[in-house]
Amino acid sequence: MSNVRVRFAPSPTGALHIGGVRTALYNYLFARQNGGKMLLRIEDTDSNRFVPGAEEYIIESLKWLGIEIDEGVGVGGEHAPYRQSERKDIYRKYVDQLLNDGKAYIAFDTPEQLEAKRNEIKNFQYDATTRGMMTNSLTLDAEEVKSRIANGDNYVVRIKIEPGEEVEVDDLIRGKVVINSSIIDDKVLYKSADNLPTYHLANIVDDHLMEITHVIRGEEWLPSAPLHVLLYRFLGWADTMPRFAHLPLLLKPQGNGKLSKRDGDKLGFPVFPLEWTDPKTGEKSKGYREEGYLPEAVINILALLGWHPSSDQEMFTMDELIKEFSLDRVSKSGAKFDFEKGKWFNHQYLEKKDNNDLAVYLKKELDARGIKATDENIAKAAGHAKARANFANELWEQASFFFIAPESYDEKTAKKRWKAETPEIMSQLYTVFEGIEDFSLENTEKIVTKWIEEKGYGMGAVMNPLRLALVGESKGPHMFDITEILGKEETLRRLKKAIEVIPVSE
RNA sequence: GGCGCAUUCGUCUAGUGGCCUAGGACGCGGCCCUCUCACGGCUGAAACCCGGGUUCGACUCCCGGUUGCGCUACCA
């Protein structure tokens with residue numbers, strides 16, 4: 001496919017939720033795979049719902065995830081501006097064209113009047129069957145319309161849908177979808193109150209002008225796709241109409257309904273890529289980034305939510321996704337986010353991550369507590385912790401014992417492992433440690449295991465209490481990995497204290 | 001209510017008329033490895049929504065229903 005151009009076109013009405021992120025991702029993968037362009041357009045045609053900071057949030061989120069924008073808000077391009085609120089004049093021109101061609105008309109009905117009609121008539125729809133009884137340029141004479149406009153009356157421009165036609169949408173994911181035009185209402189395309197178009201018009205005009213070839217968006221747009229097809233036709237652009245692909249929705253993990261921004265993080269997992277504070281309510285919502293997810297993991301999770309490769313492979317880098325992705329392997333039904341699997345994915349990526357990269361998470365905690373440690377040891381500790389953590393911010397709790405001596409000892413473990421003979425064995429071990437010059441993993445292990453064998457103590461009788469003494473509980477990596485990082489001095493200090501403090505069981 | 005889309009293990013899904021005794025992954029259970037935890041290896045339980053057709057043969061095709069979801073705004 002040549003000259004592929006796709007767009008991600010969110011509204012700045014708050015934080016971008018992961019459903020939106022996935023839409024952006026699929027667009028990006030499709031663009032990259034075909035050597036095309038990925039555009040970012042901000043659809044801020046609803047002045048009432050505009051939320052300050054939302055646009056910056058969207059851009060930062062995409063950047064964090066590695067979804068690159070080739071053209072659009074933040075990067076510019078030859079089709080600028082890319083913010084719909086800055087394209088008013090452009091839309092007005094096409095509104096007039098539709099009006100002149102008799103494809104649209106002006107309506108003066110107020111929201112209150114429409115509300116009244118909806119109450120009066122069951123299943124009221126503003127369409128060919130009802131427009132004759134409403135207040136619009138079809139029922140009013142031309143002079144009246146003119147004077148009302150001159151008078152400053154608010155009006156809207158509605159599309160004039162001819163009933164009884166089967167309108168066909170050829171969807172790349174779902175195949176042919178047919179809807180009868182009779183059930184499409186005369187949608188508002190433009191409102192004089194703020195001189196802005198609604199989504200439907202702005203979307204079609206911009207996609208056409210920006211030479212979009214493929215519209216990849218959420219399934220919630222499928223019902224209005226026929227309206228969009230009609231608009232392309234009315235504007236004379238039917239021959240260059242983009243292809244459509246409607247993605248299945250991301251559903252709430254439990255219960256029903258599609259995932260929404262309002263779900264915040266009440267679901268047990270974040271629904272936003274980055275932490276977000278609602279500027280109106282001050283309410284804070286968690287973000288994947290702050291919860292310790294790695295961007296590569298989030299991408300991988302999202303990619304597989306609604307798409308499946310032709311193999312059983314599950315781990316994908318962005319480059320692999322670009323190679324493998326295809327719209328015809330996108331599933332048709334909605335997907336629920338599985339927190340447990342997300343955890344697993346993140347763990348996989350955490351384990352792959354270089355220890356030095358992970359060290360920064362520990363460094364932060366150490367600095368906050370004023371603890372000094374060598375970079376080498378921090379990296380080593382991070383390496384051991386990453387095998388046991390699911391999220392980057394769990395690293396510290398898995399590694400803190402390397403830097404902070406136990407204050408207390410896990411009671412259950414003490415009861416099980418600290419027997420009558422243990423203090424004596426530990427005292428002997430203390431002496432053994434004292435005699436070791438080279439405290440490296442290999443050397444310490446060699447000497448201690450040899451000593452255990454000679455004494456005939458058994459590994460468990462020595463190692464388990466030693467672990468309790470040095471770590472404080474029954475967890476952690478290989479014992480001599482721990483002593484190596486702790487060093488001789490600290491190992492002896494902890495062991496001595498444990499012998500003094502831990503009570504013998506039974 | 002109307003219209004549309006969907007419907008395979010708890011979850012994400014494979015499956016395009018015979019390869020299906022329905023496969024993989026997460027999660028869950030067991031065993032092994034082992035100084036602990038985690039990892040890893042092996043292994044177990046776990047699904048074709050229901051009826052009708054079509055066909056020699058349906059998870060796969062058609063029709064109807066169920067259920068879920070979406071849309072039905074001067075929101076996107």
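Throughout, protein chains are lettered first and strands after them, A, B, ... in sequence-line order, and every chain is numbered starting at 1.
- For A/Tyr26 and A/Trp307, the gap between ring centers reaches or exceeds 6.0 Å.
- Out of B/rG15, B/rA38, B/rA76, the shortest distance to the side chain of A/Arg329 is found at B/rG15.
- Which of B/rC35, B/rG70, B/rA76 sits closest to the side chain of A/Met463 comes down to B/rC35.
- A donor and an acceptor atom never sit less than 3.5 Å apart when one is taken from the side chain of A/His246 and the other from the base of B/rC5.
- Side-chain to base pairing of A/Arg49 with B/rC75: one donor and one acceptor N or O lie within less than 3.5 Å of each other.
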What pairs of nitrogen or oxygen atoms, one from the protein and one from nucleotides 23-26 of chain B, lie under 3.5 Å apart?
from	atom 1	to	atom 2	distance (Å)
B/rA25	O4'	A/Glu314	OE1	3.1
B/rA25	O2'	A/Glu314	OE1	2.3
B/rA25	O2'	A/Lys341	NZ	3.1
B/rA25	N3	A/Lys341	NZ	3.0
B/rC26	O2'	A/Glu340	O	3.4
B/rC26	O2'	A/Lys341	N	3.2

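- Taken from CD1 in A/Ile216 to CG in A/Asn27, the straight-line distance is 4.5 Å, to the nearest 0.5 Å.
- Pair check for B/rU67 finds B/rA6; Watson-Crick or G-U wobble, both atom distances under 3.5 Å.
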Between the protein and nucleotides 71-74 of chain B, list every N/O to N/O distance that falls short of 3.5 Å.
from	atom 1	to	atom 2	distance (Å)
B/rC74	OP2	A/Arg158	NH2	3.3
B/rC74	N4	A/Asp109	O	2.6

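- The cationic group of A/Arg148 does not satisfy the cation-pi geometry with A/Tyr155, failing either the under 6.0 Å distance to the six-membered ring centre or the 45° limit from the ring axis.
- Ring to ring, A/Tyr349 and A/Tyr293 are not that close: their centroids are 6.0 angstrom or more apart.
- A cation-pi arrangement is found for A/Lys103 relative to A/Phe234, the charged atom lying closer than 6.0 Å to the ring centre and inside a 45° cone about the ring normal.
- Under the Watson-Crick and G-U wobble criteria, each requiring two contacts below 3.5 Å, nucleotide B/rA22 is left unpaired.
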